[in-house]
Amino acid sequence: TLRVIYTTTVVQRKNVAASGPEKYTEAFIKKQIEEFNLGKRHLANMMGEDPETFTQEDIDKAIAYLFPSGLFDERARPMMKHPTEIFPEKRKIQWGEDGRPFHFLFYTGKQSYYSLMHETYGMLLNAQKYQDQMTAQGFPPEKEKKNLPGSRWLTKVELEEMLLEKLSDHDYSRFIQLLQKLVTLPYGNVEEKYMQKFSKEIATQLQKVVIEPLKYDEQGVAFSTGEGQRKTARATAVVYDNGSGKITVNGVDVLHYFPVLQDREQLLFPFQFLDRIGKHDMICTVSGGGRSSQAGAIRLASAKALRSFVTEKEVEFMRQAGLLTTDPRLKERKKPGQEGARRKFTWKKR
Amino acid sequence: LDHGHALHATAKDWLSSIVSQDVQILAERSRAIFRTSENDPANHAEHHEGCHYSIPLLEVKAVFPHGLPSPFQQQIKTFNEACLMVRKPALELFAYLKSSSFAHPAIRYVIYGEKGTGKTMTLCHVVHYCARQGWLVLHIPDAHLWVKNCRELMQSSYNKERLDQPLQASFWLKNFKTTNERFLKEIKTQQKYAWGKRESTEEGRPLGEVVEQGLARVRNASDAVGVVLKEIKQQCHLGSFRLLVAVDGVNALWGKTTLRKDDKSPVSPEELTLVYNLRKMVRNDWNGGAIVTTLSQTGSLFKPSSAYLPHELLGKEGFDALDPFVPIRVSNYSPREFESCYHYYLDRKWLQHEKARTTEGRDELRFLSGANPRQLQRLAGPL
């Protein structure tokens, strides 16, 4: 018998990195699905609902109720979903018991990618053949119908997910080029169904900001309101027409409320941008925040109010100048182990 | 060729002279909007409102040795001329002064307004007017200087309970001497004053001697001030001269002080000789002159910065003491006055920024300064 001699740990250590990502067996996935379904029925029972008609939404609500979490990231909270959503799809083993691969392009390395390219090129050839047939029969080529601008091709990541194998940028660009070529062909629309698999709709409904019309008060003077905020300050501004440039803040004159020049300059900015310095009066109310943030909040509120007095082009100029955007900066959270948000404790060597 | 050249040269000269004349005429016309050549305040009328008039520098030194605010003094040095704007409150005061009868007790005028609106400058305008008219001007530039930041406090030799301030008193006496030289020779003392064991001023000596005594012996300066004030008050109703008591920051006389006695107990204003005598002057129990005072929050002690009304700044005591008075409100620049001030700065080349000359620049300045004279002056500085 051989006695175990002391060997180096190098041999015995398991090489974790070389084994690659975790592979799930089919049996494992099946078991997970069974457990999920059972758990779903148990949950429905617990909540007093009918197990048969318990949907995923009901599951989410029930979990949120039973395990309330204050974490900010949605992905960190407890969730119960179907195993196919949780465990990413993995490639099943590509060869049979005799060791012979199923797919004919297995030895290229990227079998699904090359098969996809092969298929797409086949479609292209079909379209060309069809076009030749039509011209031979005498029908004029159809006008090119462009793809609606509301759709885009799949991104590289999405394509990788679909094919379950890694792509390179070059491969991806080649594939997209093929698709573009197919689209531009006159009879390419025949293959539209095939191409729809690789295109996605973009939400074309952009949020159009509605500019409120001017309101008129008792004397017939036009005025408009706007709201703004900055850090913790909230402000509302009412801008009147036919004014002399007088500004009242919380019932006090602007010189008294903002003795610092910097704050007054902030208030001046929207009017100066539109060249309407002495033409409007303004009455505003502001609360919260400090001196500087109140000034920023009033600036945003007055810019929003001035939109009603001004043409659309000038509104676009204002937006590009940054007058209509709420400043998203807020006070950063203090982290434990540090003195402030960024400042660390004094580093002591020993 | 030479003939042609000479003709050409003369033609060019003639053209350039015409152009420069045009430019000059234009400049003068624009200057006429915000400047006036009427240098005597007595003749300032409504149509001069908003215009600047200049005071000759020698007169400035004679009439205002200590009266003008320090930013204005620096401006005089920079521009090499002293220009004051004619404004409505000053014109109002002139009208009152001209129409008041000097047989009646002296009328008190209180100039009040928010910070930086031009109260001290109005007071200086009035002082200049009275100086030109030949009045005896008793100008206290800032009464707040007497109730704070005093290094030396001595017990008064005249009255044991009161406290003297030799430095401030001697400084004021020096300036008083410069303003009213000729009166000091004319007015004679009516009483004998003993300054110490060996020094005394006889009856009938000119007031100048009292002043000299105060300047020479700093210990007796405050008492000298008291003597001067008493004499002037007594002799004013005789009618040989008119008296103008101009006090800037009169609310200091009735507020609190930051001074402390040796035993760390706070000093109230009555215990200061200077303040006590000044209070006597401001009472309207004499005739033959006028009392013009200004309220000032800037130097005041223990008062909120938003206070500018008489009853807020004077307190109950001061208000009762000054009651009845004629209030005169000074406010921010009207649009016309703002234009005038702006053009004055442009003319003096004080606003160097290119954008400052445009209409947008002017609107910006008006917005940012809120038509407040002091803010405008501070804004225009760096430009």
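Letters go in sequence order (proteins before strands), and every chain restarts at 1.
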Is atom [atom1] of [X] surrounded by more than 12 heavy atoms (other residues, nucleotides or ligands) closer than 6.0 Å?
{"X": "Glu312(A)", "atom1": "CD", "answer": "no"}
{"X": "Lys331(A)", "atom1": "NZ", "answer": "no"}
{"X": "Lys334(A)", "atom1": "NZ", "answer": "yes"}

| task | For Thr326(A) and Pro328(A), indicate whether the former's side chain and the latter's backbone hold a donor-acceptor pair under 3.5 Å. | result | no

If the cut-off is 3.5 angstrom, what donor-acceptor pairs do you find between chain A and chain B?
{"unit_1": "His256(A)", "atom_1": "NE2", "unit_2": "Glu114(B)", "atom_2": "OE1", "d": "3.3"}
{"unit_1": "Arg264(A)", "atom_1": "NE", "unit_2": "Leu368(B)", "atom_2": "O", "d": "2.7"}
{"unit_1": "Arg264(A)", "atom_1": "NH2", "unit_2": "Leu368(B)", "atom_2": "O", "d": "3.3"}
{"unit_1": "Arg264(A)", "atom_1": "NH2", "unit_2": "Gln375(B)", "atom_2": "OE1", "d": "3.2"}
{"unit_1": "Gln272(A)", "atom_1": "NE2", "unit_2": "Glu364(B)", "atom_2": "OE1", "d": "2.3"}

Gap between atom [atom2] of [Y] and atom [atom1] of [X] - 0.5 Å precision:
{"X": "Glu57(A)", "Y": "Asp60(A)", "atom1": "CD", "atom2": "CG", "result": "7.5 Å"}
{"X": "Ile277(A)", "Y": "Phe271(A)", "atom1": "CD1", "atom2": "CZ", "result": "9.5 Å"}
{"X": "Phe273(A)", "Y": "Leu306(A)", "atom1": "CZ", "atom2": "CG", "result": "11.5 Å"}
{"X": "Cys51(B)", "Y": "Leu84(B)", "atom1": "SG", "atom2": "CG", "result": "12.5 Å"}

| Would Glu316(A) and Arg307(A) satisfy salt bridge (charged side-chain N to carboxylate O under 4.0 Å, His left out), going step by step from the backbone distance to the final call? | CA-CA 10 Å; Glu316(A) 182 59 26; Arg307(A) 277 184 312 196; over 6 Å; no

| remark: Honestly, the part of Leu255(A) sitting under 4.5 Å from a heavy atom of chain B is side chain

| said: If you apply the rule side chain to side chain contact (heavy atoms under 4.5 Å, CB included), what do you find for Val315(A) with Leu324(A), and how did you get there? | reply: CA-CA 9 Å; Val315(A) 170; Leu324(A) 299 175; 4.1 Å; yes

| Residues of residues 223-243 of chain A within contact distance of chain B, non-hydrogen under 4.5 Å | none

